[in-house]
Protein chains: 2
Amino acid sequence: MERPARATNRETREHNERLVLATIYDRSPISRAGVARLTGLTRTSVSDVVEGLLASGMCREIGHGPSTGGKAPILIEVPGDARLLVGVDLGDQAFTAAIVNLRGSILQRVDVPSENADGDEALRLAVDVIERVMGLAGGPALGVGIGVPGLIDARAGMIIQSVARDWRMLALGRILEDHLGLPVYLANDCQAAVLAEHVFGATRGPNLIMVKAGRGIGAGFVINGEPFLGDGYGAGEIGHTVVDPCGRTCRCGRRGCLETVASVPAVLGDLSDRIGRPVSLGEALDRHQRREPLALEVVRRAGEQLGSALGGLVDALHVRRFVLAGAMAAFGEPWMEAVASAASDRALSALAADTTFELGGVEDVVVLGASALLMTRELGLTLHPHGLPEREGVGER
Amino acid sequence: MERPARATNRETREHNERLVLATIYDRSPISRAGVARLTGLTRTSVSDVVEGLLASGMCREIGHGPSTGGKAPILIEVPGDARLLVGVDLGDQAFTAAIVNLRGSILQRVDVPSENADGDEALRLAVDVIERVMGLAGGPALGVGIGVPGLIDARAGMIIQSVARDWRMLALGRILEDHLGLPVYLANDCQAAVLAEHVFGATRGPNLIMVKAGRGIGAGFVINGEPFLGDGYGAGEIGHTVVDPCGRTCRCGRRGCLETVASVPAVLGDLSDRIGRPVSLGEALDRHQRREPLALEVVRRAGEQLGSALGGLVDALHVRRFVLAGAMAAFGEPWMEAVASAASDRALSALAADTTFELGGVEDVVVLGASALLMTRELGLTLHPHGLPEREGVGER
DNA sequence: TCCCTTTGTCCAATGCATGGACAATGTCTC
DNA sequence: GAGACATTGTCCATGCATTGGACAAAGGGA
């Protein structure tokens, strides 16, 4: 993402400000001296930077910590609500906007159904949802992050194409920035979702793949600590890879796409065929919960198809951590295990053994990911800045 | 690759030195003022940096250029032989070491067959090849870059496992650095090969995938301008992804790996079966060259199998540029077109239309890639530093 | 010939991290 | 309880980086 540009003292300062802020955010509460040890900066420099952070409210002194044989340190933290984030999910079935704090907690939310809105009407609906949630915020927001299904030029804040809304070349980022007077960041929904795990998630690592399976199927990548979007912003569009050239016809017009065998509609379709009448997602989840063999079988097969498709990625990328999210994740462990075992069957055993699959969120991954996008871009914050030593003292000076 | 660390005036300087050097390397001949325009640095700073580069021999003044209405500029270039690189390919069938200049031209080379060497004997053979080629260099070398098949910890310069040589946890990098007194960089052979295209290749772009198909099949990735190795250095190990669970038994012990259907041995095996006697690669190439239907058919099917496997990557990563190299590339256009068309059949059409497949080198990709690795790591040079404006004047000041 | 543009260098100013010194404030040992 | 020692946070002089203005050199164009 970052391109070569000239460096000057100002860049040096900004770099170190981000580094100090990220360290305090990640390791709080921590003293100035502790930050100095972790980052390799001198105590002098850290103090200087912290002074600015205190003045801007990004940091706060929260009293003294225990002494380790000398003067007791003054502990510093980044208050969770030092800034408010607005995260937005312009999903196929609903538009959701939420006020999110710096720790990834949702404070307020507004939901509206969106299934039938398109064009300018959908645009008005989106603006409306965002304005309503900002009215509930109780303070100024840092900016807005948005996840949208479709092909999104994240750099320009432009929707290249979003089929469900009939949006093409819509400069949503600029429109909203002009309207709100705040920075606005756009991303594809799956590319946003992966950031929710990367930024707010429990474990650390520079590489991460999120697979979001619901009505559609898509993936998002974090590679070398940065979101990877591909040359034309289409990275992660795995839903229409052909897995069975003789399979069912997909909504994209071709046969046997992954979506025709592993998505929610595919599962519901299978189940409906077997039962002989339409089945809702709620009923399917219910039958699955009650361990009905038919439901288990259908869900397992859907998981296996997804896993087979992912096997190629396990080998090709050797990324250790896959997170499975979206509506399908509501089927829980049995589904995830089918995915994991099928992926393992396809992949080189040494690499498969190295790979972990986890269940992610069903509902709010896009909202949280959009917030995380805003936070990383605007503040440079990641909960786990890879590269920092695990323990203090490594950078001892 | 680059991890967050503190920034200081020294880092600023190093960053700008790399930037100036890379700009001169890429755009030579160019004047100091031209570099200043492209990079955004002041003429003062550029002059200061260039002074150091001239002193170290990394740059050279080559006379005056035409005036554009003012004082004629002094043109500067990076001489191709300002430094000598040693690139090494410790391949399955031969060890090759070469002296390579900064433009990717091979000046000297030494080849030895290696098929039966393993363990310490293979290590001695490798050292011997490197020393022999360095004797032919006619000048001091900048360092050594090495490509090895297997699982390589590029950061530590350690061979985690290389089956053909029976090497496990061999700290080849340290051993050679101690022995030669020069910096040594290691990488997996395919991960090195992709750098040959990225650094010395004709076109520019931040993302690139090289697929090397020979006796084995592997891939190398450049993602966001950096080599991508995966969490455990296994990125690109696509040869043992199962493409047909009922297929032939692979040397890895499983059935239907990609290597069993798309590698050189697979093609030769198929051809031998059909003809009824053993066929060498030379004969196969010969028959293919003469457009014998049988050979065309066998090669086409091998290409299609590889293409199907790559289709998933086209969708998942949306990387525009694939380069197909290795011994199979000797089959040329017909093979490549089979790969491309099968990949296209599997992938989402919008993404497939965006993707180009090219033929890469048959022989020297690993040697050149290993040289490129050394050059980028040691000098920070890439022929196409993405992010520089295409034309002068964009960063006008 | 005169004017203007471009190039490359010189120099003072500014910003930033450094490193040593120091006061404040703890713990630990005798 | 007193003294030795360690740790924290700040102050100040120093070094190093880019910047920006000024200037001389060198060339084109009217």
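For the numbers below, each heavy atom of this structure counts, side chains included, while hydrogens, waters and symmetry mates do not. Residue numbers start from 1 in every chain, and the chains themselves are labelled A, B, ... in the order their sequence lines are given, proteins ahead of strands.
The separation between A:R43 atom CZ and C:dA21 atom P is 13 Å, rounded to whole Å. Remark: P of D:dA17 and NE2 of A:H15 are 17 Å apart, rounded to the nearest angstrom. Rounded to whole angstrom, the span from the CG atom of A:D48 across to the P atom of C:dC16 amounts to 8 Å. When the P atom of D:dA25 is taken as reference, atom NE2 of B:H64 falls 15 Å away, rounded to whole Å. Atom CG in A:L41 sits about 15 Å away from atom C1' in D:dG9, given to the nearest Å. Atom CD in A:E14 sits roughly 14 Å away from atom P in C:dG15 (whole-Å rounding). For the pair B:E51 CD and C:dT7 C1', the computed distance is 16 Å after rounding to whole Å. The separation between A:E11 atom CD and C:dA17 atom P is 12 Å, rounded to whole Å.
The base of D:dG9 has none of its N or O atoms less than 3.5 Å from a complementary donor or acceptor on the side chain of A:R32. Contact of B:N9 with D:dC16 (side chain to base): a donor-acceptor pair of N or O atoms is detected under 3.5 Å. Counting distance only, with no hydrogens placed and no angle test, the side-chain atoms of B:T44 and the base atoms of D:dG20 include a donor-acceptor pair under 3.5 Å.
The side chain of A:T42 contributes an N or O atom lying less than 4.0 Å from OP1 or OP2 of C:dT18. Phosphate proximity of D:dC16 to B:T12: absent, as no side-chain N or O sits under 4.0 Å from OP1 or OP2. Residue A:N16 places no side-chain N or O under 4.0 Å from the OP1 or OP2 atom of C:dC16. The phosphate of D:dA17 has neither OP1 nor OP2 within less than 4.0 Å of any side-chain N or O from B:T8. Using a 4.0 Å cut-off, no side-chain N or O of A:R10 falls inside it from OP1 or OP2 of D:dA17.
Distances were taken from every side-chain heavy atom of A:K71 (C-beta onward) to each of D:dA22, C:dT6, C:dT25; the shortest belongs to C:dT25. In this structure, of D:dT18, D:dT10, D:dT8, it is D:dT10 that holds the atom nearest to the side chain of A:S47. Of the candidate nucleotides D:dT18, D:dG9, C:dA17, D:dT18 has the atom nearest to the side chain of B:R13. Among the nucleotides D:dT10, C:dG8, D:dG27, the one closest to the side chain of B:I74 is C:dG8. You'll find that the side chain of B:R37 is closest to C:dT7, out of C:dT7, D:dT18, C:dT18.
Comparing B:A72 and B:S45 along DNA chain D, the residue whose closest nucleotide (by nearest heavy atom) sits nearer the 5' end is B:S45. Each of A:G69 and A:E17 has a nearest nucleotide on DNA chain C; the 5'-most of these lies closest to A:E17. Each of A:E61 and A:A7 was assigned the nucleotide of DNA chain D with the nearest heavy atom; the assignment lying further toward the 5' end belongs to A:E61. Along DNA chain C, the nucleotide closest to B:T68 and the one closest to A:S67 are compared, and the more 5′ of them pairs with B:T68.
Closest approach of B:R83 to B:S56, counting heavy atoms only: NH2-O, 3.0 Å.
Between the side chain of B:E197 and the main chain of B:V194, no donor-acceptor pair closer than 3.5 Å is present.
Looking only at atom types and distance, the side chain of A:T12 has a donor-acceptor partner in the side chain of B:T12 under 3.5 Å away. With hydrogens and angles left out, the side-chain atoms of B:Q191 and B:Y233 include no donor and acceptor closer than 3.5 Å.
Around CD of A:E61, the count of heavy atoms belonging to other residues, nucleotides or ligands within 6.0 Å exceeds 12.
Note on B:R377 versus B:E226: salt bridge recorded, some NZ/NE/NH1/NH2 to OD/OE distance being below 4.0 Å.
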